[in-house]
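Structure first, commentary second.
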2 protein chains.
Amino acid sequence: MTSTARPGKDVATDPIGFEAHDHASCISAAVAAAEAHCQTEGLRFTPVRRKALEILLQEHRALGAYEMLDRLREAGFGSQPPVAYRALEFLVANGFAHKIERLNAFIACAHPGASHSPAFMICRRCQSVAEAQSSPARGALGDAARATGFTIERTVVEAEGVCPACADKADA
Amino acid sequence: MTSTARPGKDVATDPIGFEAHDHASCISAAVAAAEAHCQTEGLRFTPVRRKALEILLQEHRALGAYEMLDRLREAGFGSQPPVAYRALEFLVANGFAHKIERLNAFIACAHPGASHSPAFMICRRCQSVAEAQSSPARGALGDAARATGFTIERTVVEAEGVCPACADKADA
DNA sequence: ACTTGTCATGTTATCTCATTTCCTGTATCC
DNA sequence: GGATACAGGAAATGAGATAACATGACAAGT
């Protein structure tokens, strides 16, 4: 994992997105954006859901459902799996988070609001995940779909490899 | 050997999977091809591995590891999870099968021998899976990887949607 | 023929991930 | 107030995956 496993502090150069972040403000901004979105859509941004999103943003990495459950329990919420799964399902359904199929884990959306067909780069060394955009329907896959009459509704695009930080470590 | 699935020949770009098959012969052909490949590569195409591949080919759909385990047990092999997982791992490692991350399930490779960066189309109604080719490293994802210094080693590309057969059913 | 190393298989136990089911509270609408 | 729809809590279980260890098959080296 990352060198600095201290949530909430000194994350300024956190390599996880492969870039630097002003973490504290990106959290509050994302939460506020989610809240606003829920308001306009008539969705309920309840305490568990808010807390789950905060946790994902704070960790800034892919979190398993049971890790999420631990955090939620610490925060005083229910401690049974469905509590975490329901909150995560809500976040994913509304574009505030994504599920990384390869890891069976969840991560806060890095581009909330943006039109979404996300792609992920997963470091097999440090497990860090970076989010990018993709348009898989416009490549060979799209051609195949059109040729067979398959209707694409959603895509999972996940690249596994080595992030720059781990590559550097290996060189040294 | 059959009309549609000739391993080793250049069917590589056919998005097969939502089409008719001469099943019996496509199974034996694929098994024979796998056997030949193992021979030349010095790999051991043991009874469990052969049976596992036959099962995948026969079912012609994505099979969970425990379903596979059930079939293997019926066929007189060991009945503990590692038996199935090891056989599946061998098949995947050698390109005879693929794992569908979205389903946590395994399917026989539709283009054995072809250079492999597979993409899948998964019907959310009937769970059928078709295999196509993809080159995700050449699109937006590849650009993002180069921009950040991420080295792509492997990609998972899975599209979820509705297959032509199920779409027809819905129309009717 | 015997030993050694390697790989495959079998088995137990355990771990992680995910869902079903049922019940309770609480907003909202009429 | 009563109906209804949704959210959350809790129990139990299902489903996916692996660690750890023992045994068996087989080829290579002596």
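Proteins get letters first, then strands, A, B, ... in listed order; numbering begins at 1 in each. All figures in this text were calculated on a predicted structure; none of them were measured in a lab.
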Next on the checklist: Quick check: do Cys109(B) and Pro118(B) have side-chain heavy atoms less than 4.5 Å from each other?
Outcome noted: no
Checklist entry - How many angstroms lie between atom CD1 of Ile55(B) and atom NE2 of His60(B), to the nearest 0.5 angstrom? => result 15.5 Å
Checklist entry - Considering all heavy atoms of both residues, which atom of Ala52(A) and which atom of Leu72(A) are nearest to each other, and what is their separation? => result N-CD2, 4.1 Å
Can you give the donor-acceptor pairs under 3.5 Å from side chains of residues 30-44 of chain A to other protein atoms, not counting sequence neighbours?
{"from": "Glu35(A)", "atom 1": "OE1", "to": "Arg50(A)", "atom 2": "NH2", "distance (Å)": "2.8"}
{"from": "Glu35(A)", "atom 1": "OE2", "to": "Arg50(A)", "atom 2": "NH2", "distance (Å)": "2.8"}
{"from": "Thr40(A)", "atom 1": "OG1", "to": "His37(A)", "atom 2": "O", "distance (Å)": "3.0"}

Checklist entry - Among pairs that include at least one residue of residues 62-72 of chain B, which meet side-chain hydrogen bond (donor to acceptor under 3.5 Å, both in side chains), considering only residues two or more places apart or in two chains? => result Glu59(B)-Arg71(B), Arg61(B)-Glu67(B), Asp70(B)-Arg73(B)
Checklist outcome for this item: The correct set of residues in residues 46-59 of chain B placing a heavy atom under 4.0 Å from DNA chain C is Thr46(B), Val48(B), Arg49(B)
Checklist entry - How does protein reach along nucleotides 12-30 of chain C, written 5' to 3' as B (base within reach of a heavy atom under 4.0 Å), S (only sugar-phosphate), or - (no contact)? => result B----BBBB----------
Output side-chain donor-acceptor pairs under 3.5 Å for residues 77-100 of chain A, partner residues at least two apart or in another chain, one line each.
{"from": "Asn94(A)", "atom 1": "ND2", "to": "Phe90(A)", "atom 2": "O", "distance (Å)": "2.8"}
{"from": "His98(A)", "atom 1": "NE2", "to": "His116(A)", "atom 2": "NE2", "distance (Å)": "3.4"}
{"from": "His98(A)", "atom 1": "NE2", "to": "Glu131(A)", "atom 2": "OE2", "distance (Å)": "3.3"}

Checklist entry - Using the C1' atoms of the five pairs at each end, what is the angle between the end axes of the helix from dA1(C)-dT30(D) to dC30(C)-dG1(D), to 10°? => result 20°
Next on the checklist: Within the structure provided, determine whether Ile27(B) and Leu53(B) are in side-chain contact (heavy-atom separation under 4.5 Å).
Outcome noted: no
Next on the checklist: Using whole Å, what does the distance between atom C1' of nucleotide dA8(C) and atom CZ of Phe90(B) come to?
Outcome noted: 11 Å
Checklist entry - Can you check the Arg73(B) CZ to dG10(C) P distance for me, whole Å? => result 12 Å
Next on the checklist: Between P on dT9(C) and CD on Glu89(B), what's the gap in Å once rounded to a whole number?
Outcome noted: 11 Å
